[in-house]
Structures are given as structure tokens and as C-alpha cells.
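As the structure is a computational prediction, the values presented were derived from the model and not from experiment. Starting from 1, each residue takes its place in the sequence as its number.
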Amino acid sequence: MGKSELVKTAFEAATERYAAVGVDVQKAMDQLQRIQLSLHCWQTDDVVGFENPDGSLSGGIQVTGNYPGKARNIDEVRADVLKAASFLPGKHRLSLHEIYGDFQGKKVDRNEVGPEHFKSWMEWAKENGMSLDFNPTSFSHPKSGNLTLANPDKAIRDFWIEHTKRCRLISEEMGKAQGNPCMMNLWIHDGSKEVPASRLYYRQILEQSLDEIFAIEYPHMKDAIEAKLFGIGLESYTVGSYDFYLGYGAKKGKIVTLDTGHFHLTESIADKISSLLLFTPEIMLHVSRPIRWDSDHVVILNDDLLDLSKEIVRCGAMDRVHIGLDYFDATINRIGAYVIGSRATQKALLQALLEPIAKLREYEANGQYFERLALQEEAKSLPWNAVWDYFCLVNDVPVGEDFIADIQQYEREVTLKRG
């Protein structure tokens, strides 16, 4: 029996097994098919971009490793993104940082950037059936320093306000071109290595900057605001903390971004989902994996990711929670890192969609807590992997570990020849 036949046979058995606990496997697969991940372009080149390819990172960001074959230009970034996407079941999005504009070798400062610098990206995305999301870039610039939108220096602050306004306009044009909203995620590194004399002062400045940036409403883009616990060299104080952005988002109706690496390691990001859904319009996720700090390790199928996925599904919020990836590992094959993290996220979502939630809620409503816990535990060993293999098969992407050899071939034929 060939591999395809084995996969189909295992799937048929899994379907019957899930039906016994009240789960419709086909419905779960249909739901997963509609979930689009927002792939992060910066995994291709270690967050370098096209402004200054020889420059170094600054602004609380650090990438470790120097694995050979990183993308060096816009064509290589695009090729690597498409190669990674070819190993993922379903149709997905691409998230761009502003520094990945098509600048044609010209010097374009960040307060001068416009939709014209992303026209070729919009055309490329349309040709490849991929929608775009966007991010302003506040780091790795001579005017970044420790403070951008929260800077008391009006000239520097106005520079970054103008940059962010222009990024919103770019996002609007992207959304208009692709026929669905472009998510623009605003994250700044602003903070202090030591505790400032006034925490309030800088947060007042940031609030005023955000109000000015968001003064114009656009119909084809959505604003998301992302908090962080700390940045490298800015460990004691972060202006845009979770509390700040949660309050701002709830008050102003903005989407709050939860980056799974931007909290204390013992915090449950899953527990935040139900609360945010009550008070903010939608949620943006940046799925990462912290190891002792916001180290942006490749996402793997662990308990944190499973809990997060289950909470999204239990809340019935698949249409209100947008899922993006955000990690940058330069110690291993970058295409492989893309695929491992993306498929892990999809696997977690599939397990969540296959949870026997109706029966669990019935037990809970009846006060049958032993039965609820017992079924939760038994559900962990239900044959979800047989459903995943079949999902890959019907989407015509590699089943199981088959993608490893294909990525090795791409490395031999393409990335290792980049020098």
C-alpha cells in the first residue's frame, strides 16, 4: 500500500473515531482551510530589508546566527516566501515591514515612503494569490535612538509620526488593491534602560502621537497596536506596554496585538483572548516562541501554542483573531524555519478545531467535572495527526516529513549559491 492509500485509510478511521465523541472532521478541515496565516517576510533575511543591506539592527532587536543563503534582494525574498508557502496547506498572507519597499536602489527616507514603493509588491501579491499586511519600521535608523513616537524632541517625533501616517496610507492602498483589509501593525521599541523620572510623561506623548496618526479613518485597512515587555538595552521601561495599548485599544476601538514573546514567560496569552474579545473589536496575534526572553525562536507544537489555539476556537473567534507569525532564526535553514513554524501553528489550530467541545460543555453544564477532565485528557491522544496528513494530501503539499528533502534540494540548487 502506497503512502497516499495509507493516509486515506488512517483518515477514514480517524473520522469514525472523532464521530464517536461528536466531532465533525470534515467541518474542522473546512474551517482550517479558511484560516490564513500572515507569513512574516523578515524571516528570509534576518530583518535587514532593502534600505541598508549592510547595516546592523538597532532598537531592541537582535538576530542570532549566520546560516548561509539568506535573501539579499527583493527577488530572493519573494522566491523564498513562495517556496515556503508551497509547503503549507491552504492560502496565506504576507506581512511586509516598510524597509522591504521596492526602492529601485534609490535613497528613500522613512518620512518620504509612499504607495508607489510597494506597487510591485501589490502586483506580485495579486499574481500569486496572496494578500498583504504591513508594518511601519521604527528600528535600525539614525533617528531611532531609544525613543521615536514618544520622543520629547518634536522634530524626531514628527519624523516618525509622518512615517507612520504614510504607512497607513500604504496599507490602505494595499487593502484596496487586494479587495480585503490590510492589517497594519504598529510596534515601536521606545523605552529606557533604567527607570525614567516620569513614566507618565512619555506615555502622554505617545498617546498624543497615536491620536495624530489615527486622525484619518481608512476603509481598506485596520490598525493594530503591539505591546512589548522590554527590548535589548531598554529593559527597565517600555512606553508602549501591554497596559498602555490595552487601554488605548479599548478606548479608541483599535485592535490589540498579542505577541507571544512579549510577556513574562509565566503569563498565559491564551487567557487574554476572551477578555480582549469583550472590549476590543478584533485581535492580532504574532506567534513566536520565547526562550527565557523574547528570543523569537521557531514556533513548535507546544502546550502554549495549543492552549492559544484552543482558546480562539472555544471563543468562536476565528473571524476576529488574525494570526501572524513573528520569529527570526538565522541559525538554521530559513525556509525550513518558516515551514516548521507555520505547519506547527496549523497543527495546533486543527487540534483545537477537533476538540469535542460540545460534549465538554455538556459535562460542564451538568457539573460533571471528572468527566470533563477525563475527556480533555483523552482528546489529547485522538488521531488528529491522521487528519493533518490527509489535510496536507488534499491540499497537494508534502505529507509528514517529506518537505525536508524538498527544502534540502532548494538549498543545494538556490540558497547556497548566494554566497
Side-chain angles (χ1 to χ4, degrees), residues 28 31-32 35-40 43 62 64 88 92 95 185 187 224 226-231 238 241-243 245-246 255-277 280 282-318 320-329 331-332 336-357 360 372-373 375-382 384-385 387-388:
Q31 288 175 303
L32 184 61
I35 297 176
Q36 296 187 353
L37 303 182
S38 189
L39 307 178
H40 55 313
Q43 170 60 31
Q62 181 176 322
T64 56
L88 309 179
H92 302 285
S95 182
N185 185 64
W187 171 79
E226 178 182 357
K228 191 166 185 176
L229 184 59
F230 73 95
T238 301
S241 65
Y242 175 66
D243 297 314
Y245 282 128
L246 177 60
I255 298 170
V256 175
T257 300
L258 299 176
D259 186 304
T260 55
H262 288 188
F263 298 87
H264 290 285
L265 290 174
T266 55
E267 276 190 271
S268 169
I269 287 64
D271 188 51
K272 301 179 188 299
I273 297 294
S274 55
S275 294
L276 262 69
L277 288 171
T280 61
E282 297 170 55
I283 296 172
M284 182 73 205
L285 290 179
H286 275 188
V287 183
S288 182
R289 178 166 60 102
I291 300 292
R292 310 195 193 288
W293 61 291
D294 178 33
S295 49
D296 290 299
H297 280 61
V298 176
V299 170
I300 60 172
L301 186 59
N302 59 14
D303 287 343
D304 291 337
L305 183 60
L306 280 168
D307 289 345
L308 183 62
S309 300
K310 286 178 180 178
E311 194 60 33
I312 296 168
V313 173
R314 288 169 181 171
C315 290
M318 282 83 76
R320 291 180 62 195
V321 178
H322 308 272
I323 304 171
L325 302 177
D326 186 8
Y327 53 85
F328 25 92
D329 192 331
T331 66
I332 63 175
Y338 255 134
V339 177
I340 292 167
S342 301
R343 285 170 68 115
T345 304
Q346 289 184 286
K347 289 175 183 177
L349 289 165
L350 177 61
Q351 288 191 57
L353 290 164
L354 290 170
E355 186 176 48
I357 193 64
L360 289 168
R372 181 186 64 183
L373 183 58
L375 184 55
Q376 284 175 331
E377 286 300 297
E378 290 304 312
K380 293 176 181 178
S381 56
L382 287 172
W384 67 268
N385 54 321
V387 181
W388 167 254

Checklist entry - Run the side chain to side chain contact (heavy atoms under 4.5 Å, CB included) check on His322 and Glu282 step by step: do they pass? => result CA-CA 8 Å; His322 308 272; Glu282 297 170 55; 2.3 Å; yes
Donor-acceptor pairs under 3.5 angstrom involving side-chain atoms of residues 285-292: please list them, not counting sequence neighbours.
{"residue": "His286", "atom": "ND1", "partner": "Asp326", "partner atom": "OD2", "Å": "3.3"}
{"residue": "Ser288", "atom": "OG", "partner": "Asp296", "partner atom": "OD1", "Å": "3.0"}
{"residue": "Ser288", "atom": "OG", "partner": "Asp326", "partner atom": "O", "Å": "3.1"}
{"residue": "Arg289", "atom": "NE", "partner": "Val298", "partner atom": "O", "Å": "2.6"}
{"residue": "Arg289", "atom": "NH2", "partner": "Val298", "partner atom": "O", "Å": "2.9"}

Please tabulate, one pair per line, all N/O donor-acceptor pairs under 3.5 Å involving side-chain atoms of residues 308-317, not counting sequence neighbours.
{"residue": "Ser309", "atom": "OG", "partner": "Leu305", "partner atom": "O", "Å": "3.0"}
{"residue": "Arg314", "atom": "NE", "partner": "Glu355", "partner atom": "OE1", "Å": "3.0"}
{"residue": "Arg314", "atom": "NH2", "partner": "Glu355", "partner atom": "OE2", "Å": "2.6"}

Item to check | Which residues share a salt bridge (charged side-chain N to carboxylate O under 4.0 Å, His left out) with Glu267, sequence neighbours left out | outcome: Lys272
Checklist outcome for this item: Rounded to the nearest 0.5 Å, the CH2 atom of Trp384 sits from the CG atom of Leu354 at a distance of 9.5 Å
Next on the checklist: Within this structure, what is the CD-CG distance for the pair Gln351 and Asn385, rounded to the nearest 0.5 Å?
Outcome noted: 8.5 Å
Checklist entry - Does Thr280 use its side chain to pair, donor to acceptor, with the backbone of Leu277 at less than 3.5 Å? => result no
Checklist entry - Sequence neighbours excluded, which residues qualify as salt bridge (charged side-chain N to carboxylate O under 4.0 Å, His left out) partners of Asp329? => result none
Item to check | Stepwise side chain to side chain donor-acceptor pair (under 3.5 Å) test for Ser295 and His297 | outcome: CA-CA 6 Å; Ser295 49; His297 280 61; 2.8 Å; yes
Next on the checklist: Going by salt bridge (Lys or Arg N to Asp or Glu O under 4.0 Å), name the pairs with one or both residues in residues 337-348, residues two or more places apart or in two chains.
Outcome noted: none
Checklist outcome for this item: Separation between CG (Leu325) and OG1 (Thr345), nearest 0.5 Å, reads 5.0 Å
Item to check | Under the ring pair (Phe, Tyr, Trp, His ring centres under 6.0 Å) test, residues paired with Tyr327 that sit two or more places apart | outcome: His40
Checklist entry - Out of curiosity, Leu258 CG to Ile269 CD1, how far, rounded to the nearest 0.5 Å? => result 7.5 Å
Checklist entry - Where do Gln346 and Leu37 land on the side chain to side chain contact (heavy atoms under 4.5 Å, CB included) test, with the steps shown first? => result CA-CA 8 Å; Gln346 289 184 286; Leu37 303 182; 4.0 Å; yes
Checklist entry - Do Leu39 and Leu88 pass the side chain to side chain contact (heavy atoms under 4.5 Å, CB included) test, and can you show the C-alpha distance, the side-chain angles, and the key distance before you say yes or no? => result CA-CA 11 Å; Leu39 307 178; Leu88 309 179; 4.0 Å; yes
